[in-house]
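Take a look at the structure below.
The sequence lines fix the lettering, A, B, ..., with proteins before strands; numbering per chain opens at 1.
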Amino acid sequence: MTDSLPTPAPALDQPYDPARVEPRWYAFWEEHGVFQASDAASDTRPAYFLPMPPPNVTGSLHMGHAQRATLEDTLTRWHRMRGFNALWQPGIDHAGIATQLVVERQMAREGLDRRTLGRDAFVEKVWLWKAESGGRIAVQQRVLGASPDWSRSKFTMDADMNRAVVEAFVRLHEEELMYRATRLINWCPECMTSLSDLEVDNEEGANGEIFEFAYPVEGGGEIVVATTRPETMLGDTAVAVHPDDPRYTALHGKRVQHPFVPRSIPIITDAILVDPKFGTGAVKVTPAHDFNDFATGKRHGLEEINILNLDGTINANGGPFAGKDRKEARRAVKRALEERGLARGSKPHSLTLPRCQRSGGVVEPMISTQWFLKMQPLAERALQAVRDGETVIVPDEWKKTYDHFLGSIQDWCVSRQLWWGHQIPAWHNRDTGEVVVARERPARCAGEDWTQDPDVLDTWFSSALWPFATLGWPEQTPALAKFYGAPQSDLETAYDILFFWVARMMMMGLHFMGKVPFRRILLSGLIVDETGDKMSKVKGNVIDPLDLVYGATFSEMVKKTLPGAPEAEALSKFKKAYPSAAAMGSGFPAFGADAVRFTLATYPPSNKRIALAPKRIEGNRHFLNKIWNASRLALELLGDFSWPDPVAERKGGPRGFYNRWIASRFAAACAAAEEGLDAFRIDEAALAAYRFFWGDLCDWYLELAKPVLRKPPPHVHPEAVPETRATLAYVLEGSLRLMHPIMPFITEELWQRVPKPAARKATIAFGPYPTLADERAARDPEVEAEMEMFQAVISAARAVRAEHDVDNKADVPLRLRSADPAVLSALRAHAAAIRLFVKTRGDPEFESASGAREAGTIVSVVPSARGSVEVLVGLRGLVEREAELARIDREMKKIERDVAALGKKLTSPGFVDRAPKEVVEEAHAQRNALLEAKARLEAARELAKEL
RNA sequence: GGGCGGGUAGCUCAGUGGCAGAGCGCUGGCCUUACAAGCCGGAUGUCGCAGGUUCAAUCCCUGUCCCGCCUACCA
């Protein structure tokens with residue numbers, strides 16, 4: 001284990017620079033086993049398992065990946081700090097979609113065509129690219145502080161996964177859930193492969209036309225049908241009418257003649273297919289190229305005539321049109337119909353076009369022999385598990401979507417005619433057509449007449465096995481026993497792969513392991529651009545998270561996402577998608593991984609579309625700088641403080657007011673963070689930490705501690721110095737731990753330099769995570785309430801100063817008045833602090849009566865339930881009458897508005913007798929306080945008139 | 001066609017049956033020995049529209065208009 005870190009430790013008095021902090025910790029964490037989970041039987045810590053999803057296929061691949069890595073790593077770190085045996089299972093999907101994406105891009109870049117390259121050469125190249133893609137994705141994980149230990153799995157994963165995939169396939173086949181069948185499937189002529197229903201995107205509102213033409217009826221007459229795909233008429237094997245449609249009764253049982261191929265076609269009646277109100281009421285039936293027609297064909301025993309080759313050209317069944325491309329054929333068929341006088345016109349029609357998710361090409365329904373997985377029995381259990389609450393989906397509105405999908409699921413076409421992926425473990429006999437499914441090539445299939453099925457499996461098939469395949473299944477490994485389906489197992493992913501991945505993992509997990517793979521499923525939003533559009537290459541609005549982390553110019557970025565496009569055009573697309581980024585100049589500065597992580601963490605899961613606003617990252621980047629500088633100050637103030645410290649460890653926590661207050665605020669932040677993380681509300685945890693650190697610790701406590709620790713004023717209690725030091729040390733070290741899961745790098749860097757108890761381990765990542773259980777962090781509502789009043793008084797006095805442009809260096813006489821002696825004495829205890837924050841001339845004075853005021857005194861009134869406090873600021877000679885009257889008016893307006901609202905409420909019929917007693921009482925109290933404040937303010941106005 | 005979600009400050013978004021919030025932006029004043037990536041102030045809203053329930057609605061209900069997503073075989 002090395003003690004040296006890769007870069008020299010950055011000096012604290014330099015501004016925070018993520019580039020000099022973040023790279024220092026990857027290897028350190030790895031060496032200390034931060035990412036390791038134990039599968040030893042002797043380890044009795046609660047097990048926590050969180051599988052990392054394979055990268056998805058959408059344009060937001062990169063950002064989505066960063067988002068998931070962030071949330072998953074945050075949760076995992078939190079669990080580890082709490083002493084859980086947390087396993088975050090990373091991995092590069094062996095044959096996954098990321099690979100496909102990379103392979104496709106790479107092939108395009110190198111101008112290769114897989115059809116001419118040859119399979120062996122192709123596969124070799126894929127391996128090469130795969131390693132590269134894995135590396136790229138792993139870098140991304142590293143940057144986000146996720147496990148860098150991906151190399152372990154990179155090369156073994158394929159073999160391990162393959163064994164699991166084969167085992168699963170064979171077992172499913174034995175159970176007769178996996179079967180081979182010839183039926184209509186989705187075929188992408190551009191990719192030359194079959195697709196599952198989920199891989200087809202339906203493009204709505206495409207402009208098309210509905211074309212009508214006539215079939216001549218044998219024996220005279222004609223019947224007019226309509227279609228949006230005229231070329232499919234080459235495969236028509238029937239014309240259907242509704243049995244009860246009087247217009248066609250005479251034609252029942254007759255036949256029509258196909259105009260282009262020698263085929264006589266029956267007119268059939270079918271009440272399911274035909275809606276007599278639509279179009280002409282007669283439908284052409286093409287069983288081989290339309291899902292409805294296929295079903296109709298089955299009902300009527302119609303012939304299925306395939307007219308397409310696999311590449312989308314018309315085959316020999318198309319007669320004179322054979323060899324033409326789909327589009328060409330469409331035009332040619334229309335023209336030919338017109339020439340024969342059979343065309344009956346066309347009209348525009350908006351239709352939904354099925355498109356291939358990968359290539360964007362129009363998908364054709366095609367008759368084909370494929371492997372299918374029977375879904376219903378599998379889906380039933382997955383459905384039940386969520387219904388019974390064995391697995392909880394968060395946010396729960398997704399439950400309905402999940403139910404709907406699984407409730408109406410079709411069998412899954414799992415075979416693909418691609419060259420990468422897990423090859424199907426089946427052997428075909430060339431001569432007999434016999435098919436044998438086995439784990440390994442059976443001896444009897446050794447001959448040359450036997451070949452392995454050339455198809456591979458849908459990548460989502462192997463992904464579905466992920467939760468247990470990555471733990472060693474089918475072997476019964478200790479890791480599998482410990483982590484699979486452990487009570488604390490969560491899944492975090494974006495909702496777009498709920499069907500692709502989550503539902504299928506549920507089904508496979510239940511089927512092969514007998515229990516659910518995870519107990520909670522967190523579905524987070526999809527990252528979109530600033531205007532709300534999905535990230536896609538076409539739109540030129542893709543952002544690579546690494547560019548946010550390391551910084552990049554916009555022209556570099558668009559060159560990556562839109563290679564080859566004119567730069568000016570690409571840039572304008574980009575800036576349109578990110579208006580706030582466009583305002584940032586010519587590029588992103590290096591925000592650092594922590595800032596990106598923190599920003600991604602602050603979006604709540606209920607937010608379905610996460611509009612990435614670079615400005616928000618910038619704001620959070622400022623927060624990191626704040627943490628950096630505050631820690632520097634704290635370290636200076638702490639001086640030679642070190643643990644163990646008798647005052648810090650004294651029972652009962654701090655005694656001084658401000659120390660108790662910050663401890664209480666810290667406790668509140670811990671409680672909020674705990675609650676947030678536990679409920680998958682990482683945003684709440686992040687915001688609680690943010691508000692506490694900046695709003696409480698920096699804005700108030702550090703300011704208060706500064707004078708005490710630098711040169712204690714004479715009136716400070718002798719205990720105050722050591723206690724403030726101890727409290728500061730405690731809160732500083734604690735808040736770093738509090739924020740670590742969300743911002744691992746900066747917190748580690750600072751934590752290493754901060755005094756800490758001997759019980760702490762080598763890295764902050766080992767926790768413990770701060771909780772309310774620590775007695776030094778105890779809520780104290782009374783202290784907090786008093787502090788709030790104190791803060792309000794300070795704000796009022798500062799506002800007066802600011803309103804009158806009092807020079808920051810000038811001090812002013814301050815007098816505080818309250819009718820309540822308790823309030824007065826509480827405030828008196830804060831005299832020194834008030835002097836500090838308001839910059840008063842001497843200590844402020846306190847008085848109970850509203851006696852005479854010196855001329856030139858400005859009065860601001862702080863309403864309070866315990867009687868309002870008058871804040872009198874002496875500004876003789878510094879104030880302009882008009883400005884002061886305007887200020888009072890503004891203050892008055894605010895009060896009057898509130899009084900009016902309360903008055904309306906209190907006088908409205910029913911409120912007093914029907915509303916809960918507390919609410920009514922509170923309203924009264926508030927109103928009285930406001931009225932009192934108003935009276936005082938009126939007096940102040942009279943006074944101001946004399947200015 | 002069906003389902004789901006969203007419309008809150010100029011922008012990105014929180015939020016609650018009881019006086020509407022944050023960050024950024026805008027604005028006035030400050031280079032106050034942690035921090036100008038900062039500090040202290042300030043302004044800003046018919047909480048999409050119309051009804052209903054309620055003492056009280058931005059929140060619950062109904063309708064409606066936009067926007068988005070998912071899903072479906074209407075030729």
With respect to the side chain of Arg798(A), which nucleotide from A37(B), G41(B), C35(B) is positioned closest?
G41(B)

Polar-atom pairs under 3.5 Å, protein N or O versus N or O of nucleotides 22-30 of chain B: list them with distances, or write none.
unit_1: C30(B); atom_1: O2'; unit_2: Asn808(A); atom_2: ND2; d: 2.9

On a whole-Å scale, what distance lies between the P atoms belonging to G5(B) and C19(B)?
28 Å

Indicate whether the side chain of Asp236(A) and that of Tyr215(A) have a donor and an acceptor atom separated by less than 3.5 Å.
yes

So, OP1 or OP2 of G38(B): does either fall under 4.0 Å of a side-chain N or O from Arg621(A)?
no

For RNA chain B, the expected dot-bracket line (Watson-Crick or G-U under 3.5 Å, [ ] crossing, | inter-strand) is (((((((..((((....[..)))).(((((.......))))).....(((((..]....))))))))))))....

side-chain N/O Lys706(A) vs U32(B) OP1/OP2, d < 4.0 Å
no

Consider the side chain of Arg681(A), meaning its heavy atoms from C-beta on, and name the nucleotide among G15(B), C39(B), C74(B) that approaches it most closely.
G15(B)

Nearest to the Asn292(A) side chain among C73(B), C70(B), U12(B), which nucleotide is it?
C73(B)

Would you please name every residue forming a salt bridge (Lys or Arg N to Asp or Glu O under 4.0 Å) with Glu749(A), sequence neighbours left out?
Arg24(A), Arg753(A)

Reckon Ser795(A) has a side-chain N or O less than 4.0 Å from the OP1 or OP2 of G41(B)?
yes

Does atom NE2 of His300(A) have more than 12 heavy-atom neighbours from other groups under 6.0 Å away?
yes

Please give the distance between the C1' atoms of G45(B) and U62(B) as a whole number of Å.
26 Å

